[in-house]
There are 2 protein chains.
Amino acid sequence: MYKRCQMKKKHTKNRHHNSTKKITSVDVARLAGVSQSTVSRAFGTGNELTEETKKKVLKAAMELKYRPNAIARSLTSQNTNIVGIVMANAKSPFYSKTLDEFTIKLQKLGKQTLLFSVEKGRDIDEILSHVLEYRVDGLVITSATISSEMAEECANIGTPVILFNRYATGTNVSAVCCDNVKGGRDVADYLLDRGYTQLAYIGGNPKSSTNIDRLKGFQERLQERGFSDLLIRNDEYSYESGYRIAKELILEGKKPEVIFCASDIVALGAMDAAKHEFNLKTPEEIAIVGFDDIEMASWPTYSLTTIQQPIEEMTEFAIDLLESKIKKMNTKCELKLFPGKLIKRGSA
Amino acid sequence: MYKRCQMKKKHTKNRHHNSTKKITSVDVARLAGVSQSTVSRAFGTGNELTEETKKKVLKAAMELKYRPNAIARSLTSQNTNIVGIVMANAKSPFYSKTLDEFTIKLQKLGKQTLLFSVEKGRDIDEILSHVLEYRVDGLVITSATISSEMAEECANIGTPVILFNRYATGTNVSAVCCDNVKGGRDVADYLLDRGYTQLAYIGGNPKSSTNIDRLKGFQERLQERGFSDLLIRNDEYSYESGYRIAKELILEGKKPEVIFCASDIVALGAMDAAKHEFNLKTPEEIAIVGFDDIEMASWPTYSLTTIQQPIEEMTEFAIDLLESKIKKMNTKCELKLFPGKLIKRGSA
DNA sequence: AAAGAGAATGAATACGTATTCATATTTTAA
DNA sequence: TTAAAATATGAATACGTATTCATTCTCTTT
């Protein structure tokens with residue numbers, strides 16, 4: 001009964017569109033004169049198989065252009081070899097570099113990247129729900145954070161989650177970050193050491209942990225060294241935002257000697273505003289410091305002094321951590337902080 | 001026998017780690033007092049179901065925090081709702097923007113993006129092989145092209161492929177591109193109209209269709225208008241490459257009046273080289289034109305005259321085309337060219 | 001040489017959902 | 001009111017692979 005049905009179906013298909021025939025391990029088995037199990041074993045690792053039969057199977061597979069079905073495999077093996085990555089802002093230099101690093105490194109481990117984009121104002125939980133339907137082996141969230149309910153749900157179904165470049169207190173979710181507080185402090189020290197006294201801070205998204213910590217470290221250290229008046233403005237992580245805020249500050253007659261921007265892209269905006277709106281020279285008339293060390297920061301036109309985030313080590317670590325969680329070797333909730341490095345260039 | 005085995009397994013698991021129990025439609029069915037089929041129908045669309053039973057099922061599902069398994073669904077429904085995207089250079093501004101557009105638009109259609117990164121010098125066929133194992137519904141290739149064997153194989157297994165921002169003659173693969181020849185011609189006209197006579201071209205990857213066509217259009221039009229000496233250099237699509245080549249040109253005493261660069265990122269490099277290595281003013285002493293219109297091109301520091309690629313329309317079209325191919329509504333091989341738009345800014 | 005260990009293979013089945021087919025129930029038509 | 005049509009649901013099975021269990025065959029070991 002089954003066989004007849006099967007054949008009828010195939011026949012219909014073939015008549016309809018000659019070429020579209022799906023080759024399965026059963027077809028290979030038939031051609032090679034072995035069982036389907038054997039074909040499966042020939043494509044796995046560490047299976048007991050005679051060299052001879054293996055060769056026979058692979059030859060048949062080649063002949064039919066057989067390609068194992070990863071979807072079917074995932075169903076039985078209970079792991080997809082897919083890692084979900086959730087990003088907002090995937091087109092910004094820092095995050096696109098991060099994504100690239102993740103993708104390449106995962107690929108080398110035989111894993112694939114399922115990418116999700118969170119648009120501003122969209123509900124991340126809804127997106128996460130979709131991610132989880134695909135039974136990803138693990139999840140990296142680089143933008144936006146995760147609600148505690150969703151975190152718990154991930155934990156329940158056994159999907160490890162790692163936050164990258166942000167963390168969420170009280171959610172029991174591991175995170176890999178740059179030490180933003182220390183970065184802020186280092187900038188404060190550097191600027192005070194160079195004799196600046198009129199300081200400003202232009203932040204990004206005021207609710208993000210990155211922004212909070214960078215400001216916190218900066219402000220804290222300034223106060224420790226006796227400087228308490230700091231001009232603070234927040235908005236969002238973008239060139240336009242940096243440009244606009246810097247312009248406003250200067251127009252309001254509050255031109256500082258130096259602005260510490262919460263990210264390079266904001267810093268570039270601020271620098272351009274100073275230069276093109278007021279013809280101010282950097283660093284003589286207004287100094288700028290950024291955070292991230294994106295590629296553009298090193299271009300001579302900007303030569304931006306900044307805190308470098310060690311993206312490669314961070315992604316490397318994040319993947320290792322995720323792997324160990326996937327293998328259930330590590331179930332602790334960790335917050336790993338990487339120290340940033342002050343890169344001194346011309347802008348301050 | 002099966003049931004006993006099943007229960008034993010669950011029991012073991014629960015003892016080992018209390019929380020990790022996979023909820024399936026069978027569990028939901030049991031709680032709701034219906035069959036598994038009914039649960040399946042409750043989550044599909046356009047199925048005959050009483051409001052009452054549907055509500056009952058959804059309530060049970062909610063209670064158990066059930067989430068349909070997309071992998072299992074893919075196996076039966078024969079489509080994954082996953083689109084594969086192959087990129088090299090995913091961190092460059094143009095491609096990261098492209099990727100973002102694709103991801104967001106696909107998501108809105110309920111599709112997911114499986115991302116593959118091709119590193120320089122890596123074999124793309126091997127990567128494509130992996131993509132195909134996941135039985136993606138369709139494939140977008142934005143970097144590197146596709147071998148004709150692989151194209152044929154995709155066609156055989158019924159996976160539609162679309163090249164984006166490149167095309168391959170003789171492979172019968174559809175492509176969505178900017179009209180690069182016309183773009184090149186437009187730049188030629190613009191520059192000749194403004195009276196430039198000493199022209200240079202700095203290309204990207206000399207084998208890419210983008211580079212070939214942009215140069216072709218540019219050179220063709222120059223010749224049509226009687227200008228035959230054009231300085232041509234190719235290397236790769238990067239800031240560093242643009243910087244280095246521009247520097248070399250000038251050092252060799254061949255400073256042109258204007259350089260047409262095959263991409264914005266190359267143009268920015270060239271501009272910076274002129275400015276920082278030789279203190280040349282743009283556009284007075286050396287004019288620069290790019291291609292793409294990435295965000296940075298509009299920043300006042302660069303104010304780059306360039307050809308704008310209509311990325312949003314192009315991605316939109318590419319997705320529509322892919323969709324219609326997935327639904328087998330369109331099996332033609334198309335090459336869709338979008339006209340670029342000359343954006344006149346300060347650099348030329 | 002016989003028995004037992006070990007290796008190679010096949011048969012059967014699980015993975016979780018969608019769908020077809022059959023059946024029970026309700027609605028419509030006559 | 002009854003036959004027929006339509007609707008709602010359940011039972012069974014397919015999707016393609018991995019794996020467990022059983023079986024056959026080969027090789028040691030005494």
Side-chain angles (χ1 to χ4, degrees), chain A residues 1-10 13 21-30 32-57 61 64 66-81 132-135 157, chain B residues 1-10 13 21-30 32-57 61 64 66-81 132-135 157:
Chain A
M1 174 61 175
Y2 165 38
K3 283 219 165 158
R4 214 169 32 217
C5 173
Q6 176 86 314
M7 288 174 68
K8 203 172 80 188
K9 206 163 158 193
K10 277 207 173 168
K13 263 194 189 167
K21 48 189 163 188
K22 319 259 175 190
I23 303 297
T24 75
S25 58
V26 175
D27 300 313
V28 177
R30 195 175 311 146
V34 298
S35 72
Q36 181 269 327
S37 323
T38 301
V39 176
S40 173
R41 286 193 262 257
F43 278 85
T45 62
N47 289 316
E48 334 79 2
L49 267 192
T50 311
E51 267 308 304
E52 188 195 8
T53 43
K54 187 163 181 173
K55 213 151 56 177
K56 198 166 56 177
V57 170
L64 294 174
Y66 167 72
R67 205 187 305 283
N69 184 329
I71 296 296
R73 194 210 314 272
S74 298
L75 193 57
T76 55
S77 68
Q78 299 286 54
N79 67 309
T80 52
N81 280 336
L132 295 179
E133 288 190 5
Y134 280 90
R135 299 301 189 263
I157 62 179
Chain B
M1 174 63 174
Y2 165 38
K3 282 218 165 157
R4 210 160 43 207
C5 171
Q6 176 85 314
M7 288 174 68
K8 202 173 81 188
K9 208 163 155 192
K10 276 206 173 167
K13 263 195 189 166
K21 48 189 164 190
K22 318 258 175 189
I23 303 297
T24 75
S25 58
V26 175
D27 300 312
V28 176
R30 195 176 309 145
V34 299
S35 72
Q36 182 270 327
S37 324
T38 300
V39 176
S40 173
R41 286 193 263 256
F43 278 85
T45 61
N47 289 316
E48 336 77 4
L49 266 194
T50 312
E51 267 309 302
E52 189 194 7
T53 44
K54 186 164 182 173
K55 213 151 57 178
K56 200 166 54 177
V57 171
L64 294 175
Y66 166 70
R67 205 186 306 282
N69 184 328
I71 297 296
R73 192 209 314 268
S74 299
L75 192 57
T76 56
S77 68
Q78 298 287 56
N79 69 308
T80 53
N81 280 335
L132 295 178
E133 288 190 5
Y134 279 91
R135 299 302 191 262
I157 62 179

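Reminder, nothing fancy here: chain letters follow the sequence lines and each chain counts from 1.
Using a 3.5 Å distance cut-off with no hydrogens or angles, the side chains of B/Ser37 and B/Ser40 do not pair a donor with an acceptor.
When the side-chain nitrogen and oxygen atoms of B/Ser40 are compared with OP1 and OP2 of C/dG16, none of them lie within a distance under 4.0 Å. An OP1 or OP2 oxygen of D/dT17 is reached within less than 4.0 angstrom by a side-chain nitrogen or oxygen of A/Ser25. Contact annotation: A/Gln78 reaches the phosphate of C/dG16 (side-chain N/O to OP1 or OP2, under 4.0 Å). OP1 or OP2 of D/dA18 has not a single side-chain nitrogen or oxygen of A/Ser77 nearer than 4.0 Å. In this structure, A/Thr76 does not reach the D/dT17 phosphate: none of its side-chain N or O atoms is under 4.0 Å from OP1 or OP2.
Atom CZ of A/Arg30 is separated from atom P of C/dG10 by 14 Å (rounded to the nearest Å). Between A/Leu75 atom CG and D/dT19 atom P the separation is 12 Å, expressed in whole Å. Rounded to whole angstrom, the span from the CD1 atom of B/Ile71 across to the P atom of C/dA18 amounts to 13 Å. In this structure, A/Ile23 atom CD1 and D/dC15 atom C1' are separated by 16 Å, rounded to whole Å. The distance between atom CZ of B/Arg41 and atom P of D/dG10, rounded to the nearest whole Å, is 8 Å. To the nearest angstrom, C1' of C/dT17 lies 13 Å from OH of A/Tyr134. One atom, CG of A/Leu49, and another, P of C/dG6, lie 19 Å apart when rounded to the nearest Å. A/Lys22 places its NZ atom 8 Å from the P atom of D/dG16, with the value rounded to the nearest Å.
Checking side-chain atoms of B/Thr80 against main-chain N and O of B/Ser74 turns up no donor-acceptor pair under 3.5 Å. In terms of modelled atom types and a separation under 3.5 Å, the side chain of B/Thr24 and the main chain of B/Val26 share a donor-acceptor contact.
A donor-acceptor contact under 3.5 Å is formed by the side chain of A/Gln36 with the base of D/dA18. With hydrogens and angles left out, the side chain of B/Ser37 and the base of C/dT19 share a donor-acceptor pair within 3.5 Å.
Environment of NZ in A/Lys56: crowded, with over 12 heavy atoms of neighbouring residues, nucleotides or ligands closer than 6.0 Å.
Of the candidate nucleotides C/dA8, C/dT17, C/dA12, C/dA8 has the atom lying nearest to any side-chain atom of A/Thr50.
Residue contacts shown for B/Val39 are absent, as no nucleic acid heavy atom lies under 4.0 Å away. Heavy atoms of B/Thr53 sit under 4.0 angstrom from primed sugar atoms or phosphate atoms, though from no base atom.
With DNA chain C read from its 5' end, the first of the two nearest nucleotides for A/Thr38 and B/Pro68 is the one closest to A/Thr38.
Across every non-hydrogen atom of A/Asn81 and B/Tyr134, the tightest pair is CB-OH, 3.4 Å.
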